[in-house]
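In what follows, a structure is listed as structure tokens, so that the remarks can point back to it.
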Amino acid sequence: MKMITAVIKPFKLDEVREALVALGVNGLTACEVKGYGRQKGHKEIYRGAEYAVSFIPKVRIDVAVPTDLAEKVVEEIINHAKTDQIGDGKIFVTSIENVVRIRTGETDADAL
Amino acid sequence: MKMITAVIKPFKLDEVREALVALGVNGLTACEVKGYGRQKGHKEIYRGAEYAVSFIPKVRIDVAVPTDLAEKVVEEIINHAKTDQIGDGKIFVTSIENVVRIRTGETDADAL
Amino acid sequence: MKMITAVIKPFKLDEVREALVALGVNGLTACEVKGYGRQKGHKEIYRGAEYAVSFIPKVRIDVAVPTDLAEKVVEEIINHAKTDQIGDGKIFVTSIENVVRIRTGETDADAL
Amino acid sequence: MKTTTKKFAALGAALLVSALSVSPALAAVDPEVEYVFNSLLFLVGGMVVMFMAAGFCMLEVGMVRSKNAATICLKNISLYAIAGIMFYLVGYHLMYGQANAYWGGLDIFWGADDAGALAGEIKAGGYAAGSDWFFQMVFCATAASIVSGTLAERIKLWPFLAFTAILTGIIYPIQGSWEWGGGWLDQLGFSDFAGSTLVHSAGGWAAITGAVILGARQGKFLPNGQIGVFPGSSLPLATLGVFILWLGWFGFNGGSQLALGSAGDAIAVSNIFINTNLAAAAGVMAAMATSQGVYKKVDLTMALNGAIGGLVAITAEPLTPTPGMALLIGAIGGVLVVVTVPLLDKLKIDDVVGAIPAHLVCGIWGTLAVPLTNPEANLGAQLLGIIAVGVFVSAVSTALWLFLKHTIGIRASEEEELLGLDRTELGLEAYPEFVSR
Amino acid sequence: MKTTTKKFAALGAALLVSALSVSPALAAVDPEVEYVFNSLLFLVGGMVVMFMAAGFCMLEVGMVRSKNAATICLKNISLYAIAGIMFYLVGYHLMYGQANAYWGGLDIFWGADDAGALAGEIKAGGYAAGSDWFFQMVFCATAASIVSGTLAERIKLWPFLAFTAILTGIIYPIQGSWEWGGGWLDQLGFSDFAGSTLVHSAGGWAAITGAVILGARQGKFLPNGQIGVFPGSSLPLATLGVFILWLGWFGFNGGSQLALGSAGDAIAVSNIFINTNLAAAAGVMAAMATSQGVYKKVDLTMALNGAIGGLVAITAEPLTPTPGMALLIGAIGGVLVVVTVPLLDKLKIDDVVGAIPAHLVCGIWGTLAVPLTNPEANLGAQLLGIIAVGVFVSAVSTALWLFLKHTIGIRASEEEELLGLDRTELGLEAYPEFVSR
Amino acid sequence: MKTTTKKFAALGAALLVSALSVSPALAAVDPEVEYVFNSLLFLVGGMVVMFMAAGFCMLEVGMVRSKNAATICLKNISLYAIAGIMFYLVGYHLMYGQANAYWGGLDIFWGADDAGALAGEIKAGGYAAGSDWFFQMVFCATAASIVSGTLAERIKLWPFLAFTAILTGIIYPIQGSWEWGGGWLDQLGFSDFAGSTLVHSAGGWAAITGAVILGARQGKFLPNGQIGVFPGSSLPLATLGVFILWLGWFGFNGGSQLALGSAGDAIAVSNIFINTNLAAAAGVMAAMATSQGVYKKVDLTMALNGAIGGLVAITAEPLTPTPGMALLIGAIGGVLVVVTVPLLDKLKIDDVVGAIPAHLVCGIWGTLAVPLTNPEANLGAQLLGIIAVGVFVSAVSTALWLFLKHTIGIRASEEEELLGLDRTELGLEAYPEFVSR
Ligand SMILES: Nc1ncnc2c1ncn2[C@@H]1O[C@H](COP(=O)(O)OP(=O)(O)O)[C@@H](O)[C@H]1O
Ligand SMILES: Nc1ncnc2c1ncn2[C@@H]1O[C@H](COP(=O)(O)OP(=O)(O)O)[C@@H](O)[C@H]1O
Ligand SMILES: Nc1ncnc2c1ncn2[C@@H]1O[C@H](COP(=O)(O)OP(=O)(O)O)[C@@H](O)[C@H]1O
């Protein structure tokens, strides 16, 4: 199984969620994060003093999926999180050794 | 070493923490997340308009443990996070290659 | 590629970020978390009742880096997040199988 | 300033009746004491009405998403500032000058003329010119406050302020002159004690035309016919806002008695306080009951709007109703709010804070309800006033909104709206430290 | 309404003394001017007391967890609405009617009877009937506000409102009639100027019986004897609430002079303002010092409660103390609060906002302190009043809480409580956008 | 208390002129009625000025980071408490006693002396002694409120309160006696109607010396010359604070007419209301325009400070300007704020909420502007007053800050500051549930 972790623009969350659901993904976990990257933030002026906003609000989503679905999921995230502008975010894929559904104790693919 | 990541119901956090401590786990890191899953959220009415609440508040905990403790930890999380109702959450187990304690530079099991 | 996940004291975030940038790291993602560890929290009194503050605010940073940079990054985080006091935090290193830049579809090191 | 008829002529039968019945007592109060009492009523009443600006601000900031919260604060404080300046520059003269039955006068720069009183000639019923100006000004500001809530989260700052300047300097005063300036509506028997139509509906018409021309927020009306829901970011602040408005309304309606120089006036103001309070209370309870009945749960934001609906409804005639009638009038206001909010959704009119149901709809209801308790009012004149103000304010507002739209533009870009106006227009955040989802 | 003795009889010696000593001057003011002044005191005082509803709301919303914040807002605005309606329906008559020494009268629907004044017969000491009603009504609402804070986070909405209706319509008025309606307590020499017992302790008794019957919040009293701590979600809003209450208290105590028609009254009201302010100030500083001494740190929430403790303590007699005595009375109030909060924990009574220490305990203290400065009061009568009100309100409240408990139920389910009443009772969130832990 | 000249002598020409021109009318009002009116002005004015304490608190809590929010709340409520107590203990006598031209008197424990009035001897222009005390006290508290905002986020609680006690008990009253106590500045023709210099600049001087001695917050002035930016945690609360201050200012300036017993006074108070409102409005708009011009965007916090700048600027003379002049005076205040905020950054003076630009700088400007509209004032005396107060308050404050610094210490440790004073000094959090970045 794979864990697909994507850092995306916050206003894309719902679109991405819907796309993944359409793909048969049954769940995901989202979290508000702050991102630093090429999209350097910007200068702002507050009370006459200029300062750099280094971190930009992003949303991080974690989706655990069976390995065979992983590629499709990455693709769909790209399709729906993309605005073609800097700061669209990254996707990280890692291996998960085990998944358990707390309610039932089911493991692996059954747990998803 | 393993990283046990669990998404649980927020009001179970303290119970789970205490159970893990009893097991000899020395630390964990918690984070507020929003979960989408089978527990589909629910319909709400706000100012006369119906809408679906897709994401439900959850807490994510990350616990790094020596490999031999991993199974026990998963079990204990299940025991204490379970309410037998939909939305109890998931546990993901992944491998960690290295752990470092920042204060001392200790690594691996010593760092936990 | 490696994902370096560090849990640090919140007021060290900017210093760590600057150090990593100086090292050539192009991006990172930060998240507010609550940590439980040896730094046991402390007793507080609120309205005459004593209680233990179990969780302490921390910041978690995730940095994806090429494998060869990983060691350097861990070192720099240690150098800059250290206050030599309990609660300085931990660093976890895991493997990432793939990274994708959403905007361009680039993968692996190119995506960072 | 020439002598103005002010609202006096407009107060209609109720006051006349009570004035007559209490006249024997009136003679007793020394004119200068009366002068001070009257001025004091304007000043204290005006102060709490001024504070309604804070009430609107808190209500609106609580009902918008946090990404637009700082912008709505800026709009509220600057619209109050602009209203004061415009009312000084042209508004007061336009409303209360004596040019003709359609507008007051085109003079600029208001100035107090208290020469008579300062020379010792104090007539019965007098008051300091400035106290009256202050009281009338805060009413003008109230009308402008209504607009900002409806158009929140998508209108650009400067065009909004430009509209506000014209609304407070020209549109509001002209229609106000028709009634409170002793103009044609007044002469035809229209009755609007404290401004259900002249303040609240007028503001409501300016808001609804703006909402239509500006369009709804992105995601509000979805292609599949669903309604997007954007819960307000801080219901406690919204609640505070309504409490402040409720407080201010005692000044709004009570002060509109325009006199406190006799036992009769003290009685009138007292009864106005009671009716105002009971109408608001009934608005709350009726909105709660209706939302419990229709939706099987009580919606706090509906209860808040219900309070305002009740207050607006009683504003056209807070003096003549018995307390029981005040309860009824307010309760209907509360019901109307709960019913109208989803109706606007059906019409695809996006009103962020529910100002149109509370101020426009309940303003109309309150105005129509006057003849129920005030024998000197008649339904025909009431309808005429409602329509005249509606047509005039809507027409001029529409023209102005369209003009602004096609010149400097009124709407934030799609991306600005998505990111929130605070970041894109002001370059800051209302709650920079707090993680919002 | 028949003529009522109101609080007059109850004002006790202080007023009598001062009234006598200033009587030569009193003759000078024209009765109608006096009439307006008196009414104005009621109206302005009543307005700021009304605003105390916002103060309680902010204090409570700041002290509860955010998952119950919207619910407490709804409770506060609706309890104020209900108080107004019930006081109109039956409360005022029950309190100030002249039936007998135990209750006022069973008439329904209050209506102003100002016929005399409107006919020109204005007696010395007069005021508009409505101004008095308004002022008395906001006191009634205050008593109800006290209850909501104690029972927050676990009581269901509708049963709470049902209790509120009976409290404001029946319980509060009956015991109020004993003193301010010229009833038996008044006749026995009990003295409670502005309501330490009649408003604050009465509300406190209703709260404490509710707290006992309703039980503590889950997790408040842990099996191992530890106290669960649930820090308030927004101390800035709680602080704002206390400032608003402090402001309102000038109306509460100052307005309870019930007259502003003479120099003597102006002096009395002024001294009441000073004593009220100094007692609150002393309450703050004493609470801070006590918490620094006992806990080695200053607790903001204790300082806030201390202000209220001082205010409640001075309320039974804000006129006769010298400023120095007012400081002392308030300071003891502040200390009492800091001492009583953990005591309640020991008794396993869960009072979310500290209303019982501030209102009930300090209300008792303030009532007992009256004889210290008011020679016409005596400890026996004070004790009698405290006990009578305590027994009556507790007994009736207990019966009513039990009745509600066994019929419609008063307590949210375990799960509802865990998830928060906002989501389960209202279906919304107070701060939907903000991540709370 | 002996009779005091109070501010009367200080009101200068403006009042004299108007007093003369209206004198024919003055005779008409019965002295006791006048007495009540005057007292009422003090009480109602004082009440809203008291509420300014809440305004300062909200402004400051909104402008600090959330980790210091509870501490600033505690400072604000306790400084208000202390001001009242100190003004009672020594302040009032020191300010308004008749000892000499440099201080009022060294008596302790103020007490009302209304014996004359109570005996029926009511002279024209009278008022209840307590009403005056209350009104003067809230001014004293205002001066102290200014300091807390500047020094926020790094000063320890108890040393701050110790400073506050001396400021309100000794420093403020002594310099106040020079002018409003009829002292030497007054005798030399200095004119400061409601306290641009005596309240606002005085508070500003105490704040700026504290800021210099205390030093800037960590990270505020970076080694590379950059300015650290710490955005305020809740701009909606800051906005609410400014609205409350704006409201309170009607009492501040209007009440400083010190009389409402005649048509002339009613006219004066009314005109003061208008000028106060227009100056604030102009301050908002000028600050917005300036920040749009200079920074190409509007900064809400600058608009908020601009309102205060306009209000402070008009405070030295809110009576004699025409409305147009009031607009101008306020607008310059608004511009000064926007210009001075970054200037302080250049001087490496860390003023968390912008109190120095708004209160000190605009206080100076307002005082200098008096001769523009008040023919009895002269620039020389104004300069003298500004300098005298500046030198005195700065010198004594510096000495006191240094003393505190070298005894109990005034600054939180580096770590305490990093973690926030809420956690380290109070052991709690202002928003314990909310995740802040
Ligand atoms: N090396 C990295 N490790 C972790 N997160 C990263 C890394 N690089 C970028 N990110 C995350 O991705 C977001 C977008 O990256 P950025 O470089 O700004 O734009 P883009 O991906 O379009 O080139 C950042 O805000 C950050 O949250
Ligand atoms: N595939 C997934 N990847 C990541 N997180 C998931 C996934 N499925 C579920 N979750 C998380 O687990 C939570 C509970 O899952 P849900 O399906 O609602 O209930 P249950 O686990 O009891 O079947 C979700 O709210 C979500 O946060
Ligand atoms: N086993 C663990 N798994 C996950 N996070 C941990 C673990 N142990 C510690 N942490 C995180 O690291 C932080 C610091 O750890 P702590 O034990 O308090 O101090 P130190 O690392 O200096 O010994 C904790 O607050 C927690 O967030």
Side-chain angles (χ1 to χ4, degrees), chain A residues 1-10 12-13 15-16 19 29-41 51-62 65 67 70-97, chain C residues 1-8 10-34 57-67 70 73 76-77 80 92-112:
Chain A
M1 258 159 318
K2 302 291 171 194
M3 175 64 82
I4 319 275
T5 298
V7 178
I8 61 174
K9 289 189 170 161
K12 284 294 190 180
L13 174 61
E15 196 179 329
V16 169
T29 301
C31 175
E32 167 94 8
V33 297
K34 307 280 272 175
Y36 174 83
R38 275 173 227 275
Q39 179 197 14
K40 274 280 167 297
Y51 70 109
V53 178
S54 318
F55 285 100
I56 296 172
K58 302 276 171 194
V59 164
R60 167 192 164 131
I61 55 178
D62 291 281
V65 293
T67 308
E71 211 165 311
K72 214 64 220 94
V73 165
V74 170
E75 251 170 55
E76 277 300 277
I77 294 179
I78 294 179
N79 288 342
H80 289 91
K82 202 161 161 167
T83 67
D84 287 325
Q85 282 177 10
I86 203 164
D88 275 353
K90 310 269 189 251
I91 304 173
F92 309 105
V93 183
T94 47
S95 262
I96 326 179
E97 303 191 346
Chain C
M1 259 161 319
K2 300 291 171 197
M3 176 64 82
I4 319 275
T5 298
V7 178
I8 62 174
F11 59 84
K12 285 293 190 182
L13 174 61
D14 271 319
E15 197 179 327
V16 169
R17 179 181 55 79
E18 279 164 25
L20 296 187
V21 170
L23 214 70
V25 168
N26 285 326
L28 59 82
T29 302
C31 176
E32 166 93 9
V33 296
K34 308 281 273 175
K58 302 275 170 192
V59 164
R60 164 192 168 131
I61 56 178
D62 292 280
V63 206
V65 292
T67 308
V73 164
E76 277 299 278
I77 294 178
H80 289 91
F92 308 105
V93 183
T94 47
S95 263
I96 328 179
E97 303 191 346
N98 198 4
V99 183
V100 187
R101 163 173 292 134
I102 292 173
R103 174 163 47 95
T104 58
E106 289 162 287
T107 54
D108 295 319
D110 295 341
L112 294 179

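Residue numbers start from 1 in every chain, and the chains themselves are labelled A, B, ... in the order their sequence lines are given, proteins ahead of strands. Computed from a predicted model, the values in this text were never measured in an experiment.
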Exercise for the section: Sort K82(A) into side chain, backbone, both or neither according to what part of it lies under 4.5 angstrom from a heavy atom of chain C. Expected result: both

Completion exercise
Greatest number of non-hydrogen atom pairs under 4.5 angstrom with chain A, of V21(C), N26(C), L112(C), T107(C), falls to N26(C)

Practice task
May I ask you to check whether over 12 heavy atoms, not counting those of E15(C), lie within 6.0 Å of atom CD?
Solution key: yes

Fill in the blank from the handout: Greatest number of non-hydrogen atom pairs under 4.5 angstrom with chain A, of V25(C), V100(C), I61(C), D14(C), falls to V100(C)

Exercise for the section: Check whether Q85(A) gets within reach of chain C through its side chain, its backbone, both or neither, counting any heavy atom under 4.5 Å. Expected result: backbone

Exercise for the section: For residues E97(C) and K2(A), report the shortest heavy-atom separation together with the two atoms involved. Expected result: OE1-NZ, 2.6 Å

Practice task
To the nearest 0.5 Å, tell me how far L20(C) CG sits from Y36(A) OH.
Solution key: 9.5 Å

Practice task
Starting at CD of E32(C), measure out to NZ of K34(A) and round the result to the nearest 0.5 Å.
Solution key: 11.0 Å

Completion exercise
chain C shares the most heavy-atom pairs under 4.5 Å, among D84(A), I4(A), V74(A), with D84(A)

Exercise for the section: Looking only at non-hydrogen atoms, find the nearest pair between R17(C) and S54(A) and report the distance. Expected result: NH2-OG, 3.2 Å

Problem - Short side-chain to backbone donor-acceptor contact, K90(A) and V99(C), under 3.5 Å - result: no

Fill in the blank from the handout: Ranking I91(A), D88(A), V33(A) by heavy-atom pairs under 4.5 Å to chain C gives rank one to I91(A)

Completion exercise
Between the OG1 atom in T94(A) and the CE atom in M1(C), the distance rounded to the nearest 0.5 Å is 11.5 Å

Exercise for the section: Among the options L28(C), I102(C), I96(C), D62(C), pick out the one with the most heavy-atom pairs lying under 4.5 Å from chain A. Expected result: I102(C)

Practice task
State, without any angle test, whether R60(A) and T29(C) hold a side-chain donor-acceptor pair at a distance under 3.5 Å.
Solution key: no

